[in-house]
**Q** 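Structure incoming, see below.
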Protein chains: 2
Amino acid sequence: MIELTKRDQAVLEAVVTDYIQTGEPVGSRTISKRYGLKVSPATIRNVMADLEEMGFLQQPHTSAGRVPTEKGLRFYLDTLVQFRALENQERALIREAFRGKEQDVKELLQITSQILSSFCRQAGVVLWPRLTMARLRHIEFIRLRPNQIMVILISKSGLVHHSVLVWEEDIPQNELDKYSRYVNELLEDVPLGDVKRRILEEMRKEKVLFDQLYTRALEITTRAFQANLEKSELFIEGQTNLLNNPEFADVDRLRRLLHAFEDKSRIIRLLDMTLKTSSGVRIILGTESELKELQEISLISSPYRRGDTLLGVLGVIGPVRMDYSRIIPVVEFTAGLLSQILEEPEEV
Amino acid sequence: MIELTKRDQAVLEAVVTDYIQTGEPVGSRTISKRYGLKVSPATIRNVMADLEEMGFLQQPHTSAGRVPTEKGLRFYLDTLVQFRALENQERALIREAFRGKEQDVKELLQITSQILSSFCRQAGVVLWPRLTMARLRHIEFIRLRPNQIMVILISKSGLVHHSVLVWEEDIPQNELDKYSRYVNELLEDVPLGDVKRRILEEMRKEKVLFDQLYTRALEITTRAFQANLEKSELFIEGQTNLLNNPEFADVDRLRRLLHAFEDKSRIIRLLDMTLKTSSGVRIILGTESELKELQEISLISSPYRRGDTLLGVLGVIGPVRMDYSRIIPVVEFTAGLLSQILEEPEEV
DNA sequence: CTTAGCACTCTTTTGGGTGGAGTGCTAACA
DNA sequence: TGTTAGCACTCCACCCAAAAGAGTGCTAAG
């Protein structure tokens, strides 16, 4: 592949920058005048023709300006983009928005999503920590009705999961209390992902010591855990921000998009894709997502963590044309801040 | 006020019916031909002119057909509408959709919202039971970190509320366990709305008997309760269904609407309005809502209950032009079915 | 009281025609 | 050899006038 000259890159950057700002195809004149390249429109035209041939730009029709292709945007993001770092004032504003929400993790994540959406004027998303990645802090069994046990799981990060189990036998509350006390001791500070394995192991190892009581306690835990393992939740805020983008002025396009949002599992899958990169901001552009409903949008995401444990992913969803130079720093900063807030002092 | 003759009513009904179906202004010819009135278009025109004068119909412009006004719709709803009762098959379908979801109340309500949205092809809404209307089944205090207590409240209907309290003193878990055991006994089967009063009362009455321990237990309960009292949640599903209505083809209108949806508190207030009617389907049409963002939409709602206790409201939100004759029975049936499901046998 | 007929009104659609933006190419220039 | 000015050409967006269509109100006759 042929290298791009400095000038080629400058022109590409100018086209992308202008296009991101205006949403309109960019002409040679505009670039020559507005972006301090000391060459004439005619020269720019030549360069642009080259860039088009290489697949970085495209023309909606003859005699229109150029628009960056996905390949062009990718190149821009990978090598050209100049981040506009956040002002101290902006950092302070974000910090302020978090203030007082540190207690309730659910609320915390929801606020995060709102912050992302309002600061980036797009939709903000935050994926709840998967149970596998969290650590268990507490478990509680409550008898709801005969044969129904509500199990409440609280992870270290403070998230509450609950589900109702139907049990063959009717277990009285005071016995359930014993179970939970036992399990709480047993599981202290063990990664939830290991819980099942660990339980089975213990059962094997000290089988004789377990009376039917404790076996059952572990059985219930296992089942409750299973029920919650797959639950994954998502906060999406600021969907209406998307309506402000001229690319979604078309109702039909919008319908498809919002439809994709309604079935959150798709977005979750998309975010899952980015969970693998253990850190840093990641961008998925249009068709890179491989989900046909989301081909017109792009995702800027970053994982957040608690100490060393990856908890989940947060990010911004918007049209492919977005102000990356600003949004990337915002996502990065927010992810860092959230991680920091979750990194509270360990309990004594 | 002048009475409407039989023929006037028949014409009004025809106009409403046709308008609801097509969304277009209805002409005299259409009515004369399609709705079995044995009079000519000219006669219909005379009747329509009368109805217009009385404020039941209006013309978007001269030489267009007629459209029902809100007053016209109201009259239609109050006296003319003929319900299309649900087929057995449809009932079965709804019942089927509920199957297996009876355990988890949260999931149950979400499914309800989905059912409403997909059966009516509009947005379905379900308002969570307010804590005041529920009854407490269980309370649990868990020490999250030093000075932080997570309180979990479970209502009789199986809903879980939780919140984190910051407490001045650090209370060890085993003491918290005592508190919850105590409070659970104390509050058994008392309406939550009375809890605060009852607690204060008990404190006064038997003041000497309470050592500092129990006083504190009650203090914590009171505060936790307070924190959850105002929380009210809402499920809205099928918002994209609204996009299918031609009345929302205009992006600007849509923006306003979805914006209103994003701030759920407005919808909650709207639903609250209908909570007062203790039973039966209620309809709020356009401007009747007094919320200016929602003037273009209308709400068909019905409360649902558990035994004698009003729990919340469910319903369908859509444009003023909706197929009431079908949606009303669906809402009614669903509310009944949900109530029935919640009406599970009391625990022993 | 009902109906047929007709003129009238208002909207929606259609189809040029025009102006503007931007290109590609060519030829001249450094 | 790379850069620039000039120019013809293309295509879209917009405007406006004309035509089509839908439905009315009014009048006069049944």
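Here is how names work: the chains are called A, B, and so on, in the same order as the sequence lines, proteins then strands, and each is numbered from 1. What you see is a predicted model; the values in this text were computed from it and never measured.
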**Q** Once each nucleotide of nucleotides 8-25 of chain C is scored for protein heavy atoms under 4.0 Å, what B/S/- sequence comes out, 5' to 3'?
**A** -BBS---------BBBB-
**Q** Tell me, which pairs form a side-chain hydrogen bond (donor to acceptor under 3.5 Å, both in side chains) where one or both residues lie in residues 19-32 of chain B, sequence neighbours left out?
**A**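 Counting only pairs at least two positions apart or across chains, the side-chain hydrogen bond (donor to acceptor under 3.5 Å, both in side chains) contacts touching residues 19-32 of chain B are S28(B)-R45(B).
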**Q** Got a sec, which pairs hit salt bridge (charged side-chain N to carboxylate O under 4.0 Å, His left out) with one end in residues 72-84 of chain B, sequence neighbours left out?
**A**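 Salt bridge (charged side-chain N to carboxylate O under 4.0 Å, His left out) check on residues 72-84 of chain B returns R74(B)-D78(B), R74(B)-E288(B), R84(B)-D323(B).
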**Q** For the pair made of CD in E24(A) and P in dC12(D), what is the distance, rounded to whole Å?
**A**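 In whole Å, dC12(D) P lies 15 Å from E24(A) CD.
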**Q** Could you state the CG-C1' distance from L57(B) to dG23(D), rounded to the nearest angstrom?
**A**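 Nearest whole value for this atom pair: 14 Å.
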**Q** Give the rounded distance in Å between these two atoms: CG of D18(B) and P of dA22(D).
**A**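 Rounded to whole Å, this separation is 15 Å.
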**Q** Could you tell me how far apart I31(B) (CD1) and dT2(C) (C1') are, to the nearest whole angstrom?
**A**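 My rounded result for the distance is 17 Å.
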**Q** Can you give the donor-acceptor pairs under 3.5 Å from side chains of residues 6-14 of chain A to other protein atoms, not counting sequence neighbours?
**A**
residue: D8(A); atom: OD1; partner: T5(A); partner atom: OG1; Å: 3.3
residue: D8(A); atom: OD2; partner: T5(A); partner atom: N; Å: 3.3
residue: D8(A); atom: OD2; partner: T5(A); partner atom: OG1; Å: 3.3
residue: E13(A); atom: OE2; partner: Q82(A); partner atom: NE2; Å: 3.4

**Q** Identify all side-chain donor-acceptor contacts of residues 238-247 of chain B below 3.5 Å with residues at least two apart in sequence or on another chain.
**A**
residue: T240(B); atom: OG1; partner: E262(A); partner atom: OE1; Å: 2.9
residue: N241(B); atom: ND2; partner: S117(B); partner atom: O; Å: 3.1
residue: N241(B); atom: ND2; partner: Q122(B); partner atom: O; Å: 3.2
residue: N244(B); atom: OD1; partner: R255(A); partner atom: NH1; Å: 2.5
residue: N245(B); atom: ND2; partner: Q122(B); partner atom: OE1; Å: 2.9
residue: N245(B); atom: ND2; partner: L242(B); partner atom: O; Å: 3.3
residue: E247(B); atom: OE1; partner: R321(B); partner atom: NE; Å: 3.1
residue: E247(B); atom: OE2; partner: R321(B); partner atom: NE; Å: 3.3
residue: E247(B); atom: OE2; partner: R321(B); partner atom: NH2; Å: 2.9

**Q** Test of understanding: with salt bridge (Lys or Arg N to Asp or Glu O under 4.0 Å), list the residues that count as partners of R256(A), not counting sequence neighbours.
**A**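 Once residues adjacent in sequence are excluded, the partners of R256(A) under the salt bridge (Lys or Arg N to Asp or Glu O under 4.0 Å) criterion are E296(A).
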**Q** Thinking salt bridges, do R266(B) and D263(B) make one under a 4.0 Å N-O criterion?
**A**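 Yes, charged N to carboxylate O under 4.0 Å.
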